[in-house]
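Structure first, then comments.
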Amino acid sequence: MADLLKLLLRVAEKAANVARVCRQEAPLFQLLVQEKTGVDKNKKFVQDFKTLADVVIQEMIRHDVGAQFPEIIDHIQGEESNKFENGLGECVIVTVCGTEKETAALLATVLDGDQMAATLLACAIHQDATLTLTGTDDLHIPLSPSDLGIWIDPIDATSQYIQGREEVVEEGCLCSSGLQCALVLIGVYIRATGEPVIGVINQPFNHKDPTGWKGKHFWGVSYGSVKACSVLRPKDRPTECPGLSVVLSSSEKQAVKEALAPLCGPDRLMYASGAGYKILCVILGLADVYVLSEGSTFKWDSCGPHALLLALGGGMLDLKECLRFGHCEGGHHDQGELTYHQSHSESTGADRWANQGGLVAYLDCQMLHRVIGELKGKF
Ligand code: 2IP
Ligand code: CA
């Protein structure tokens, strides 16, 4: 399955290119940032261009993975639906076609005849990504494609992507908002157990050089004794170290913020946008733990990054379950690990795939323990 990992890394890079092109090319950028309010809202399209960019990326990933691994195609799910209605009230299914020309023609029907935008977008979709891969060649992952399912979040933290603020970050610090928080997330899980096994994260806007924005990718594999990750595990901190850092959503409950403040101190209780970005902060050691008390994330937000946490010896748990039953034995926490194969049948729409009990992401079990200890009974 090392071939699947390599393919996902290439296709995530293509997705990042599409995300960058939509911001760089004036005709696409105009569509992206168009403020649609009142009667003008979605006058042209039932969904807006932001959604089309997401759908296009998701369909491109589905197309490329399906071409090489047909056994997985019916088990690739994502945040978006690919059904669109254009200004004439016609329903158009957005897919990636065999040729760039055909894709451009299809996109033009959704973009109400905007040939320029359709051509630019189709060109980015059909362009192969150049990517130097390291550490993936010697990997042997004894899984068959027919065992696997895939979750895609084409662009996580979409609002940050649209607003497009360019934050300057100091080395070793997290970015609380801005383009850096926007991520392409792809996660592979085992259909039978829901366990995440391969994760790919692409950060299309990692840093800027004189030629423009440059991206960065991260990957991880966790299957039995096979553990591999493009990121090194942050050095374990001495246990007597009193401070611990936690990253939260700025919209987190006051009670959670107050419960964690004494443990972290004012500088180490941090806020950042994007569910995927906050998990990436834990993976990179920029924060020890990410806590989310609400069921506001979905399987596509967490599956990919979760595989990287597991590859590094950490994990991601259902917060509610962890607060109720949590224990940590032998340095590993095995209760309430999030899974990816079962929907909530009582819910409808996206909510069927919500991480309903909130979540807690960690690399070091002792840090997790201290955070859970502080949160118990507080909200
Ligand atoms: C969102 C996005 C939000 C996040 C939310 C995700 O995904 O990442 O930023 O909220 O949980 O579902 P917050 O930033 O408060 O953590 P999307 O942008 O794909 O809708
Ligand atoms: Ca998301």
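Indexing begins at 1, ligand by ligand and atom by atom, following the structure's order. Only heavy atoms go into these numbers, but all of them, side chains included; no hydrogens, no water, no symmetry mates. Start at 1 with the first residue, then count along the sequence.
In the model, Thr211 has no side-chain atom that pairs as donor or acceptor with a side-chain atom of Lys208 under 3.5 Å. Of the N and O atoms on the side chains of His306 and Tyr340, at least one donor lies less than 3.5 Å from an acceptor on the other residue. Between Thr103 and Glu100, the side chains place no donor N or O within less than 3.5 Å of an acceptor N or O (distance only, hydrogens not considered).
Considering backbone and side-chain N/O of Lys278, one or more are found under 3.5 Å from N/O of ligand 1. For ligand 1, none of its N or O atoms has an N or O atom of Gly276 under 3.5 Å away. Checked against a 3.5 angstrom limit, the closest N/O atoms of Phe298 and ligand 1 fall outside it. At under 3.5 Å, a nitrogen or oxygen of Thr158, whether backbone or side chain, sits near a nitrogen or oxygen of ligand 1. Taking only nitrogen or oxygen atoms, main chain and side chain alike, Asp301 reaches within less than 3.5 Å of ligand 1. The distance criterion of under 3.5 Å between nitrogen or oxygen atoms is not met by Ala272 with respect to ligand 1. An N or O contact shorter than 3.5 Å is missing between Ser250 and ligand 1 by distance.
Ile93 and Leu121 fall into different hydrophobic clusters, where Ile, Leu, Val, Met, Phe, Trp and Tyr residues are linked whenever their side-chain heavy atoms come under 4.5 Å apart, directly or through other members. Note on Ile73: it does not cluster hydrophobically with Leu4, by side-chain heavy-atom contacts below 4.5 Å among ILVMFWY residues. Under the 4.5 Å side-chain heavy-atom criterion for grouping Ile, Leu, Val, Met, Phe, Trp and Tyr, Val169 is not connected to Leu248 through any hydrophobic cluster.
Between Asp153 atom OD2 and Asp156 atom OD1, the angle centred on the Ca ion (ligand 2) amounts to 90° (nearest 10°).
Nearest approach of Ser177 to Glu167, heavy atoms of both residues: O-CG, 2.9 Å.
Within a 4.0 Å radius of atom 18 (O) of ligand 1, the protein has at least one heavy atom.
Ranking the protein heavy atoms by distance from atom 4 (C) of ligand 1 puts Ala275 N, 3.9 Å first. Atom 15 (O) of ligand 1 has Ser249 OG, 2.7 Å as its closest protein atom, hydrogens excluded (heavy atom only). Regarding atom 9 (O) of ligand 1, its nearest protein heavy-atom neighbour is Gly274 N, 3.2 Å.
Within ligand 1, the atoms closer than 4.0 Å to a non-hydrogen atom of Thr297 are 11 (O), numbered from 1 in the order shown. Contact atoms of ligand 1 toward Ser296: 11 (O), 12 (O) (distance under 4.0 Å to a heavy atom of the residue). Below 4.0 Å from some heavy atom of Ser273 lie the following atoms of ligand 1, by number and element: 14 (O).
Applying the 6.0 Å contact sphere to NZ of Lys378 captures more than 12 heavy atoms from other residues, nucleotides or ligands.
Looking at Arg268 and Val246, their side chains never come closer than 4.5 Å, going by heavy atoms from C-beta outward. Annotation: side chain of Tyr290 is not in contact with side chain of Val360 (no heavy-atom distance under 4.5 Å). The shortest distance between side-chain heavy atoms of Arg62 and Thr95 does not fall below 4.5 Å.
Nearest to atom 2 (C) of ligand 1 by heavy-atom distance, out of Asp156, Asp153, Ile155, is Asp156.
Remark: distances from the non-hydrogen atoms of Leu292 to ligand 1 are all 4.0 Å or more. Distances from ligand 1 to the non-hydrogen atoms of Glu252 include no value under 4.0 Å.
At a 4.0 Å heavy-atom cut-off, ligand 1 touches Glu79 through the side chain alone.
In terms of distance to the Ca ion (ligand 2), the nearest N, O or S atom of Asp301 is named OD1.
The aromatic rings of Trp353 and Trp151 sit perpendicular, their planes meeting at an angle over 60°, well past the 30° parallel limit.
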